[in-house]
Amino acid sequence: MYGVDDILGIVGGYRGFYSKNTVKLTPKVVNDIHKRGGTTLLTSRGGHDTVKIVDSIQDRGINQVYIIGGDGTQKGAALIHEEVEKRGMKVAVAGIPKTIDNDIAVIDKSFGFDTAVEEAQRAINAAHVEVECVENGVGVVKLMGRYSGFIAMHATLASRDVDCCLIPESPFYLEGQGGLFQFIESRMKENGHVVIVIAEGAGQEFVAQSIHDVNQKDASGNRLLLDVGLWLSHKIKDHFTQVREMDVNMKYIDPTYMIRAIPSNASDNIYCTLLAQSAVHGAMAGYTGFTVGPVNGKHAYIPIARVTETQNTVRLTDRMWARLLSSTNQPSFLNSCDDILLQQERVDRDMVDMIHKMKITST
Ligand SMILES: Nc1ncnc2c1ncn2[C@@H]1O[C@H](COP(=O)(O)OP(=O)(O)OP(=O)(O)O)[C@@H](O)[C@H]1O
Ligand SMILES: O=P(O)(O)OC[C@H]1O[C@](O)(CO)[C@@H](O)[C@@H]1O
């Protein structure tokens with residue numbers, strides 16, 4: 001449409017700008033990539049060096065840069081845009097929101113999220129089948145979601161096989177009145193089995209306490225998570241066998257990478273096409289420093305800085321979480337409206353702190 005035939009793919013994420021080869025992207029090269037999971041361009045964490053990246057853009061004579069990734073990637077894109085502007089270069093910078101976590105602010109959803117939710121249901125279904133076939137079956141399914149429980153919440157709502165969904169935004173406790181153990185026991189008495197979905201970022205403080213974690217980070221500065229699913233499975237098993245003297249049949253499923261690795265589904269394929277076309281039309285129209293994505297159903301161009309100010313999390317005060325609570329009938333672990341509001345404020349404050357700490361770029 002625009003008669004462009006010189007398109008470069010940067011291999012290996014941000015560090016690829018200055019340390020790896022590029023590949024020429026032609027219709028033939030990209031023809032089938034939507035049918036495969038992962039990325040043919042390779043990905044990486046860390047390695048964002050704004051000056052080196054913009055030097056490389058300048059040296060190669062690139063005049064439009066399309067940057068695909070999650071919240072960290074968008075932060076990197078914002079810095080590239082600033083540097084490009086500072087140098088007075090005529091280069092359009094466009095961000096394309098791609099992450100299964102759905103934690104990019106402002107937009108309705110990120111590319112990959114729908115696919116992840118769909119696949120997550122298969123893991124939940126497997127857990128449900130397994131626990132239905134044994135006595136006192138307890139299934140635990142761990143899903144991705146470092147700071148946000150969107151995949152867990154949506155997969156729970158979609159599958160309706162889940163008794164309790166635990167997410168990073170909402171605290172929980174195990175022992176005593178209103179705790180998880182009591183809930184599991186009552187569900188087991190009622191139905192003979194229980195399925196629990198836990199987002200990987202939930203309950204990290206408990207796991208850290210039990211194994212004296214040293215708070216390690218990945219190359220992008222994201223906290224490396226401990227296996228909360230395994231921890232929870234052990235805790236449940238120990239409680240019921242030792243304290244309640246009951247045999248439970250634990251089935252722990254960790255489908256996290258299997259979910260992230262599958263090809264995108266039909267709705268994500270269409271969504272991806274819309275994002276791609278929107279980004280190209282925006283850059284061709286002369287816009288720069290924007291992230292594309294739907295806002296309240298309308299495709300929009302959003303200043304990158306707006307989407308990186310904060311990160312999307314499940315809002316405990318919103319209807320979606322209320323819908324989940326009423327569909328599972330699980331305890332909310334928060335006793336009053338005031339507790340819910342306080343917890344929501346805590347989540348918002350922690351997010352601002354976390355974003356602030358991660359401002360220093362790592363290479
Ligand atoms: N605050 C930041 N400033 C500049 N660059 C950043 C920042 N945070 C992350 N990046 C860079 O963006 C890239 C991707 O970041 P990260 O590993 O956090 O993944 P992401 O884009 O958030 O996606 P996801 O977490 O969904 O996999 C990395 O190369 C990282 O160095
Ligand atoms: O182990 P890796 O490859 O760094 O990826 C894990 C992280 O990536 C994400 O899936 C986002 O892609 C997070 O939910 C998860 O914590």
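When a ligand or atom number is given, it counts from 1 through the structure's own listing order.
- A salt bridge (Lys or Arg N to Asp or Glu O under 4.0 Å) with R146 holds for exactly one of D218, D101, D71; it is D218.
- At a 4.0 Å heavy-atom cut-off, ligand 2 does not touch Y147 at all.
- Taking a cut-off of under 4.0 Å to the non-hydrogen atoms of R45, the atoms of ligand 2 that pass are 2 (P), 3 (O), 4 (O), 5 (O), 6 (C), 7 (C), 8 (O).
- Looking only at heavy atoms of the protein, atom 16 (O) of ligand 2 is closest to E200 OE2, 2.6 Å.
- Among the atoms of D71, some N or O lies under 3.5 angstrom from an N or O of ligand 1.
- With ligand atoms numbered from 1 in the order given, ligand 1 contributes 4 (C), 5 (N) to contacts under 4.0 Å with heavy atoms of G76.
- For the residue pair Y66/Q64, the side-chain donor-acceptor check at 3.5 Å is satisfied.
- Residue G72 has at least one heavy-atom neighbour below 4.0 Å for each of these atoms of ligand 1: 6 (C), 7 (C), 8 (N), 9 (C), 10 (N), 11 (C), 12 (O), 15 (O), 18 (O), 20 (P), 21 (O), 22 (O).
- Proximity annotation for atom 29 (O) of ligand 1: of G47, G13, A78, G46, G46 comes nearest, heavy atoms only.
- Residue-to-ligand polar distances keep T99 apart from ligand 2: every N/O pair is separated by 3.5 Å or more.
- Contact of the I236 side chain with the I184 side chain is registered, since non-hydrogen atoms from C-beta on lie closer than 4.5 Å.
- Residue contact check: M144 has heavy atoms under 4.0 Å from atoms 9 (C), 10 (O), 14 (O) of ligand 2.
- Against a heavy-atom cut-off of under 4.0 Å, G145 is close to the following atoms of ligand 2: 14 (O).
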Exercise. Could you walk me through whether F172 and F206 pass the ring-ring contact (aromatic ring centres under 6.0 Å, His included) test, one step at a time?
Key: CA-CA 10 Å; F172 66 92; F206 298 136; 5.4 Å; yes

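- Close approach to L79 involves these atoms of ligand 1, each under 4.0 Å from a residue heavy atom: 3 (N), 4 (C).
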Quiz prompt | Working for salt bridge (charged side-chain N to carboxylate O under 4.0 Å, His left out), residues D103 and K109 | solution = CA-CA 8 Å; D103 55 0; K109 72 173 174 185; over 6 Å; no

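- Ligand 1 places these atoms under 4.0 Å from at least one heavy atom of H48: 4 (C), 5 (N), 31 (O).
- At least one N or O atom of R45 sits closer than 3.5 Å to an N or O atom of ligand 1.
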Quiz item: Under the salt bridge (charged side-chain N to carboxylate O under 4.0 Å, His left out) criterion, do D55 and K52 qualify, and how do the steps go?
Solution: CA-CA 5 Å; D55 284 349; K52 281 199 207 168; over 6 Å; no

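- Around atom CG of N21, no more than 12 heavy atoms belonging to other residues, nucleotides or ligands sit under 6.0 Å away.
- Considering backbone and side-chain atoms alike, T73 places an N or O below 3.5 Å from some N or O of ligand 1.
- Using cut-offs of 30° and 60° for the angle between ring planes, the F17 and Y14 rings count as parallel.
- For atom 5 (O) of ligand 2, the nearest non-hydrogen atom of the protein is R260 NH1, 2.8 Å.
- Here the heavy atom of the protein found nearest to atom 11 (C) of ligand 2 is D101 OD2, 3.3 Å.
- Atom 1 (O) of ligand 2 has as its closest protein heavy atom Y257 OH, 2.4 Å.
- By the 30° and 60° cut-offs, the orientation of the rings of H239 relative to F181 is parallel.
- Close contacts between ligand 1 and R146 involve ligand atoms 25 (O) [criterion: under 4.0 Å to a heavy atom].
- Of the candidates I53, I100, I355, T99, T99 brings a heavy atom nearest to atom 26 (O) of ligand 1.
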Quiz prompt | Criterion ring-ring contact (aromatic ring centres under 6.0 Å, His included) on H154 and F113, from CA distance to verdict | solution = CA-CA 10 Å; H154 282 246; F113 173 63; 5.0 Å; yes

Practice problem: Determine, stepwise, if the pair K86 / E82 fulfils salt bridge (charged side-chain N to carboxylate O under 4.0 Å, His left out). | Solution: CA-CA 6 Å; K86 204 167 94 191; E82 272 172 35; over 6 Å; no

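- The contact set between ligand 1 and N222, taken as ligand atoms under 4.0 Å from a residue heavy atom, comprises 16 (P), 17 (O), 18 (O).
- Both tests do not hold together for K98 against F111: distance to the six-membered ring centre under 6.0 Å, angle to the ring axis within 45°.
- Residue D350 places its CG atom among more than 12 non-hydrogen atoms of other residues, nucleotides or ligands, all under 6.0 Å distant.
- Below 4.0 Å from some heavy atom of Y14 lie the following atoms of ligand 1, by number and element: 11 (C), 12 (O), 13 (C), 29 (O).
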